[in-house]
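Just so it is clear, the model here is predicted, and its values are computed rather than measured. Lettering of chains follows the sequences in order, A, B, ..., and the numbering in each one begins at 1.
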Protein chains: 2
Amino acid sequence: MKSGFITAADVAREAGVSRSAVSRTFTPGASVSKDVRERILRAAEKLGYRVNRLAQGLQMAQSNLVGVVAANLTSPFNTALLDGISAALFKRGLQCMLLNAEAARDDIGNLVNQVLEYRVRAVIILSGAPPEEIIEACLRNDVRLILINRGTLPGNADKIDTDDLTGGRLAAERMLQDGRRHVAIMRSGNGSVSQKRRVESFVTRMNQADVKITDWMRGPNSFETGCEAARILLADKSIDGAFCATDLIALGFLNTARFELGIQVPRDFSIIGFDNIPETEWPSHRLTTVSHPVKAFIEAILNCLDDDRQLSEGALNFTIPVELIERGTTAAHDA
Amino acid sequence: MKSGFITAADVAREAGVSRSAVSRTFTPGASVSKDVRERILRAAEKLGYRVNRLAQGLQMAQSNLVGVVAANLTSPFNTALLDGISAALFKRGLQCMLLNAEAARDDIGNLVNQVLEYRVRAVIILSGAPPEEIIEACLRNDVRLILINRGTLPGNADKIDTDDLTGGRLAAERMLQDGRRHVAIMRSGNGSVSQKRRVESFVTRMNQADVKITDWMRGPNSFETGCEAARILLADKSIDGAFCATDLIALGFLNTARFELGIQVPRDFSIIGFDNIPETEWPSHRLTTVSHPVKAFIEAILNCLDDDRQLSEGALNFTIPVELIERGTTAAHDA
DNA sequence: AATGCGTTTGCACACGTGTGCAATTTAGCG
DNA sequence: CGCTAAATTGCACACGTGTGCAAACGCATT
């Protein structure tokens, strides 16, 4: 027991074969006789052998690690995404290397290094603050890059984007059906690309119907941001609707409007969110929202990972479909 | 540009020195002259050199990876913990390898392998379903193990546990101050050690005061579990209080009790949760709860990681202090 | 039995790094 | 300048794995 770890050589000695045979036994599709394979498996089991992925990665010039750069892990939608990604990667035999972009805010260079130094198979960037630097570095080092809701950036990275245009339009149509004439639109201050698209699409449709718009863009993507917006915006009694770029903001807005300011939602006021996080289903809120299912994101990501074209041959693009989920913060349909 | 990656040898050639010098330049405390160091750094910068961590890990017989085994990533407390851990690891120059225990439920052996094959520096197990197998495997392979809220298991793993006994007692005292005589206690069906401790401590105190107890242990740790419990338990009109082992369950219970069944909380009914997740502060709920701060967990984890004693010399133990956070689901204090 | 062909096996090299050891250069000091 | 100690540098090995190549082997057909 030197250093506590068993190597392929140890197994080979135990089984009375060459080290190559051990390696081949654990390499799918390699040529080993049934007899030898069984003897090796028995020896490996007995000694508790585990292949050293570091050595394997060195030899293969690539690891099974996939870097996942996430920010705002407190946002339920992001964690749902992370949950799905980590599960999917595990089932593919890949490892999930989680990098907290928040913690690396003023040290992006270091973050880039940590990813690249491990020769990761790919890097997935969840929406959030835009680390441009990492994008450029990945592309320069031939590391596959998967961007989620970051819009059309230059460079051939795979891109997966919510159909925000349809999402914004669906929300607008619903708002118009409710007969609202002056709606507030809200998003967080750090201007994510995806939030911008939703809001712009919403505004475009509202403008066509001559509905007045009041814009709010401030603070982090949080419940409190919605609360604050409600307290200030709702001083203007002419506002009769709100479209929030994320559910978290929408829930804060709704909470303050309904329970603090006593506004009758949906009778006098309509609220629509975006993401369809679990909290929207709480009976106390029942928020009408636009959903872009996590499942669809996962599928798209797996498609990107499975695709084994060269990086120079261009990239993949996926659009995640959306759906308006009508709950209790918009008026009931006219039948 | 062979294979797209620059090696130390490439840098050495560019700088006109030996490869050893390059290695030493990037090894803190090694002996390199100022002149050579600068020449090497310039060459490395120019070529875009990055250490290959796989080779480094192979050489050092250890990687900078830390395995984090998490289940129930949809629980806000767990994600807050994960957020803190990933940030702290990053700042320590360590990598966070996230493993989804949920996805590996019927494939724990595979999960064990994935961790050990990467020669991780340590494994952190967040509370949740108990993968006994991984614990045993880590200890057998001399991998440091950090158990969070999993109680006193055999084997010398570092253990970090919430002071559940005090937590349960504090909740009980508050409930008694409210004069409740029949309280329901709730926890999820998969019996986590930590939940069990809280509840038992609570019950012990209530028994001393001759308060009637109704037990509920069913379903996952979720909002819906709390809703379901409320609908069934509250048919019994004599119940006038509830202690929930997690905030998620407590919020579901509160939501159904207050908004669906119209029960006056806290006038006629007291509810106390556990975890102090952000949602407890929502004005619509303002849940009284027991907090065990994420910050304290992170500190304890870092202490474990920094500690470089041998595994055979015993393990560390930390107890996380708790605090009762009084909000709007228990009666106001008598002054 | 001899031939031919497909399968199995072992040798040896490569992957990129850290570091002990000895050789060499530099610095310090009289 | 000469001597000694210290700092620097290069060589060579080790870490554990996958795989090309050639040798050895098994088996069926002639």
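Along DNA chain C, the nucleotide nearest to A:Val17 and the one nearest to A:Met60 differ in position, and the one closer to the 5' end is contacted by A:Val17. Comparing B:Ala55 and A:Val32, the nucleotide of DNA chain C nearest to each residue sits closer to the 5' end for A:Val32.
Among the protein residues, B:Ser20 comes within range of the nucleic acid bases, having at least one heavy atom under 4.0 Å from a base atom. Using a 4.0 Å heavy-atom criterion, one finds that A:Arg53 contacts no nucleic acid atom at all. Backbone-only engagement by A:Tyr49 is indicated by non-hydrogen atom pairs under 4.0 Å involving sugar-phosphate atoms exclusively.
Across all their heavy atoms, B:Phe297 and B:Ile160 have their closest contact at CD2-CG2, 3.8 Å. Across all their heavy atoms, B:Leu305 and B:Leu89 have their closest contact at CD1-CD2, 3.6 Å.
Distances were taken from every side-chain heavy atom of A:Ser31 (C-beta onward) to each of D:dC13, C:dT8, D:dT19; the shortest belongs to C:dT8. In this structure, the nucleotide among D:dG10, C:dG18, D:dT17 sitting nearest to the side chain of B:Ser23 is C:dG18. Among D:dT9, C:dT17, D:dT19, the nucleotide with an atom closest to any side-chain atom of B:Thr7 is C:dT17. Nearest to the side-chain atoms of A:Asn52 among the listed nucleotides D:dG18, D:dG10, D:dG16 stands D:dG16. Among C:dT17, C:dT19, D:dG18, the nucleotide with an atom closest to any side-chain atom of A:Gln59 is D:dG18. Considering only the side chain of A:Ala21, C:dG10 comes nearest among D:dG10, D:dT17, C:dG10.
Between B:His292 and B:Phe77, the ring-plane angle classifies as parallel under the 30° and 60° cut-offs.
At whole-Å resolution of the value, CZ in A:Arg119 and C1' in C:dG16 are 9 Å apart. C:dG18 atom P lies 12 Å from atom CG of A:Leu58, rounded to whole Å. Taking atom CD of residue A:Gln56 and atom C1' of nucleotide C:dA14, one finds them 15 Å apart after rounding to whole Å. Computed from coordinates, the A:Glu117 CD to C:dG16 C1' distance equals 13 Å when rounded to whole Å. Between the CZ atom of A:Arg13 and the P atom of C:dG10 there is a distance of 14 Å, rounded to whole Å. If you take CZ of A:Phe26 and C1' of D:dG16, they are 14 Å apart, rounded to a whole angstrom. Rounded to an integer number of Å, the gap from CG of A:Asp35 to P of D:dG26 is 12 Å. Rounded to an integer number of Å, the gap from A:Arg37 CZ to C:dT7 C1' is 14 Å.
The base of D:dG10 lies close enough to the side chain of B:Arg24 for a donor and an acceptor atom to sit less than 3.5 Å apart. On a pure distance criterion of 3.5 Å, no polar donor-acceptor pair joins the side chain of A:Arg50 and the base of D:dG16. Looking at A:Ser18, its side chain has no donor and acceptor atom pair within 3.5 Å of the base of C:dC11. For a distance-only test at 3.5 Å, the side chain of B:Arg19 qualifies as a donor-acceptor partner of the base of C:dG18.
Here the CG atom belonging to B:Asn52 is positioned 12.5 Å from the CD atom belonging to B:Gln59, to the nearest 0.5 angstrom. Atom CE of B:Met97 is separated from atom CG of B:Asn64 by 13.5 Å, given to the nearest 0.5 angstrom.
Using a 4.0 Å cut-off between a side-chain N of Lys or Arg and a carboxylate O of Asp or Glu, A:Lys91 and B:Asp107 do not qualify as a salt bridge.
The phosphate of D:dA7 (OP1 or OP2) has no side-chain N or O of B:Ser33 nearer than 4.0 angstrom.
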